[in-house]
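Single-structure report; data block below.
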Amino acid sequence: MRLSQFHLATVKEIPADAEIASHKLMLRAGMIRRLASGLYTWSPLGLRVLRKVENVVREEMNRAGAIELLMPSVQPRELWEETGRWEKFGGQLLKIKDRKQQEFCYGPTHEEVITDFARNELKSYKQLPVNFYQIQTKFRDEIRPRFGVMRAREFLMKDAYSFHLTQESLAATYAVMYQAYTRIFTRLGLSFRAVQADTGAIGGNASHEFQVLADSGEDAIAFSDGSDYAANIEKAEALAPTNTRPTATAALQQVATPTQKTIEDVAAFLGVSPDRCVKTLLLRGRDGLVALCLRGDHQVNEVKAAKLDELGGESILASEEEILAAIGTRPGFIGPVGLPDSIPVIVDRDAAVLADFVCGGNADGTHCTGANWARDARISRIADIRNVVEGDRSPDGEGILHIARGIEVGHVFQLGTKYAEALDAVVLNDQGKTQVMTMGCYGIGVSRIVAAAIEQRHDDAGIVWPEAMAPWRVAVCVINPKHLPEVSEAAQALYEALNAHGIETVLDDRGLRPGGMFADMELIGIPHRVVISDRGLTAGTLEYRGRTETESRAITQEQLFDLLG
RNA sequence: CGGGGUAUAGCUCAGUCUGGUAGAGCGUUGCGUUUGGGACGCAAAAGUCGGGGGUUCGAAUCCCUCUGCCCCGACCA
């Protein structure tokens, strides 16, 4: 590509509301333009990168035996009624009506459509297993779109759905997809980690997320330094403490804490550390309020909590009014001591081994000191309901846990029969009997990968693309093309030679001053730069500089081809 | 959904408190000089000050209202 014939649109100034590096750099490089909240146009430059990612994904999916198809982005309400998700999916589902007032949604995902396709197309176990995928635009009406294409409302996703007769077959395809994902992210040059993920309300058997490691990531992941254990913090189990509860030595006392409502304030006020306090949360349970007790320095894990029988799938905090009505105090002073018998008290494993602890006094402006389980407070059940923290023992018993941040770019999931059952997707098995298929689903956030890569790879000058994602591998920059015809001819010749060797090259023939040209090529992250000038022409060498190098070096054309492989 | 902010030239923003001729930088266009790390000079085009209503002799500015966008929060007491 000759840049004079391209639309490169870098800018110096960007809106102040771009917060993270990838968002800023994508705007500055002119890869994307915002159309409306969470909606972006991909410029010619941005699209080149997006296509690179897409093609790697497509190649590896094909290699792994998946078959590409394309489903509509607009989907009829009736299909979503069949799985009950028309209502259950919530506000993220963008609902639209056509001229006949028929209702549709813009697809946030395609389980319904693919399962409908499968129930019509697949009739025999002989057609299984099969794995269909598409690369398609999705729309999720996010509560708060942010970070550019990282959390946009409209985004490009690769989603695959596999169909099986048996769990063993599903597990096999799942493993193949896991391997394919590992290849994809490795080829894309990303530093990533596959982590165990929560299977959510669907309750499937296995699920892994592929997380690109970046400090700006919205997910927290826990990984062991003594094994390959890694899990989303939502999923990571906090092991029971090894010590048992000491015997009570202190007497229960009620103390005045007039304005101290947070653990930090109470602990500081009473001169104890937060890990000697018990914090109590009241949630809406299946049959009335439920109390959760945790050590003051720990945080409740909502995913774990929601799975408690007492809560029945959701973890919703009780309102101040409900709490006032039930126990006569407000948030900030709740404690396990003297709670009504009707409220189950679920105690975290670590909170359960505390003795002589501090907790809320169940009266405004009071806390208790010297509280002890059994003697002063009832335990209905002990459970793991907290987030793991840095330094916890790894659940597999090997090493200790560390916490890192990640950007979820892929998710593989053994769905089971949930959708196939709801939509009656059945085949005849080898006994001639009708059998519901079991499913897997495998997603990759194609557009998000572009942002995630930049998060991971950038410097002061701009983006530092991995070779596999760069819009072009090489930039040939011409200095002062108008002065000497030989200079622009030499640049042209090199440009053509590189492309002829299958090395994607861009020729910067815009005639900019060198500073502007170099700055642009660095901003848009081209891995290799070759400068052609009268200076080099006289010397018979090319001036080469890699994107992350700080000095140029003189090399021959032969050396350049060697270097580019 | 709650709270806060914001909307002025293509972009980034001043100007609003204290009402009185619409501003800057970047970008764009033309001419000239320049040409190895985002050049310089001269000239120019460019705005329904988000929409609607009101107050006023007069509104970007004050009041009401609608809308878009952004930020924070939406359980961790």
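These numbers were taken from a predicted model, which means no experiment stands behind them. By convention in this document, chain letters (A, B, ...) are assigned in the order of the sequence lines, proteins followed by strands, and residues within each chain are numbered from 1.
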Residues A:Arg151 and A:Glu142 bridged, charged N to O under 4.0 Å = yes

Using a cut-off of less than 4.0 Å, is there contact between a side-chain N or O of A:Arg513 and OP1 or OP2 of B:G38?
-> no

Could you tell me whether A:Asn387 contacts a base, only the sugar-phosphate backbone, or nothing, with contacts defined as non-hydrogen atoms closer than 4.0 Å?
-> nothing

Considering every strand shown, what is the Watson-Crick or G-U wobble mate of B:G41 when both distances are under 3.5 Å?
-> B:C31

What integer number of Å spans the P atoms of B:G27 and B:G41?
-> 12 Å

From A:Leu401 atom CG to A:Arg393 atom CZ, the distance as rounded to the nearest 0.5 Å = 10.0 Å

Hey, does A:Leu283 reach any base, or is it just sugar-phosphate, or nothing, if we go heavy atoms under 4.0 Å?
-> nothing

Can you find a donor-acceptor N/O pair under 3.5 angstrom joining the side chain of A:Glu522 to the base of B:G37?
-> yes

Could you state the atom-to-atom distance from CZ of A:Phe518 to C1' of B:U35 in whole Å?
-> 11 Å

To the nearest Å, how far apart are A:Leu512 CG and B:G27 P?
-> 12 Å

When all nucleic acid strands are considered with a 4.0 Å heavy-atom cut-off, which category describes A:Pro514: base, sugar-phosphate, or nothing?
-> sugar-phosphate

Please give the nucleotide sitting opposite B:U55 as a Watson-Crick or G-U wobble pair, both distances under 3.5 Å, or none.
-> none

Side-chain donor/acceptor of A:Ser380 to backbone N/O of A:Pro344, under 3.5 Å | no

Nearest 0.5 Å, what's the CG-CD1 distance between A:Asp534 and A:Ile479?
-> 9.0 Å

Describe the nucleic acid contact of A:Arg529 in one word from base, sugar-phosphate, nothing, applying a heavy-atom distance below 4.0 Å.
-> base

Does A:Lys12 have a side-chain nitrogen or oxygen under 4.0 Å from the phosphate oxygens OP1 or OP2 of B:G27?
-> yes

Given atom CZ of A:Arg28 and atom C1' of B:C11, what is their separation to the nearest angstrom?
-> 14 Å

Would you call A:Arg146 and A:Glu19 a salt bridge, using N to O less than 4.0 angstrom?
-> no

For B:C69, the nucleotide meeting Watson-Crick or G-U wobble distances (both under 3.5 Å) is B:G5

Give a yes or no on whether a donor-acceptor pair under 3.5 Å exists between the nucleobase atoms of B:G37, that is its base, and the side chain of A:Arg545.
-> yes

What one-letter contact string describes nucleotides 66-73 of chain B from 5' to 3', where B marks a base within less than 4.0 Å of any protein heavy atom, S marks contact via sugar-phosphate atoms alone, and - marks no contact?
-> ---SSSBS

Which nucleotide, in any strand shown, forms a Watson-Crick or G-U wobble pair with B:A60, with both distances under 3.5 Å?
-> none

When all nucleic acid strands are considered with a 4.0 Å heavy-atom cut-off, which category describes A:Leu282: base, sugar-phosphate, or nothing?
-> base

With sugar-phosphate meaning primed atoms plus P, OP1 and OP2, does A:Val11 contact a base, only sugar-phosphate, or nothing at under 4.0 Å between heavy atoms?
-> nothing

Per the atom types in the model, does the base of B:G27 pair as donor or acceptor with the side chain of A:Glu13 at under 3.5 Å?
-> no

Just by distance, do the side chain of A:Arg140 and the backbone of A:Pro108 share a donor-acceptor pair under 3.5 Å?
-> yes

Watson-Crick or G-U counterpart of B:C13, or none if no pair lies under 3.5 Å = B:G23

A:Thr329 versus A:Asn362, side-chain donor and acceptor atoms under 3.5 Å | no

Separation between the P atoms of B:G10 and B:U6, rounded to whole Å | 22 Å

Let me know the distance between NZ of A:Lys24 and C1' of B:C11, rounded to the nearest Å.
-> 17 Å

Does any nucleotide pair with B:A77 by Watson-Crick or G-U wobble geometry, both distances under 3.5 Å, and what is it?
-> none

Inter-nucleotide P distance (B:G4, B:G19), Å rounded = 26 Å

Distance, P atom - from B:A60 to B:C66, rounded to whole angstrom = 22 Å

Would you call A:Arg2 and A:Asp508 a side-chain contact if the rule is heavy atoms closer than 4.5 Å?
-> no

Does any nucleotide pair with B:U18 by Watson-Crick or G-U wobble geometry, both distances under 3.5 Å, and what is it?
-> none

Provide, to the nearest angstrom, the distance between the CE atom belonging to A:Met517 and the C1' atom belonging to B:U35.
-> 10 Å

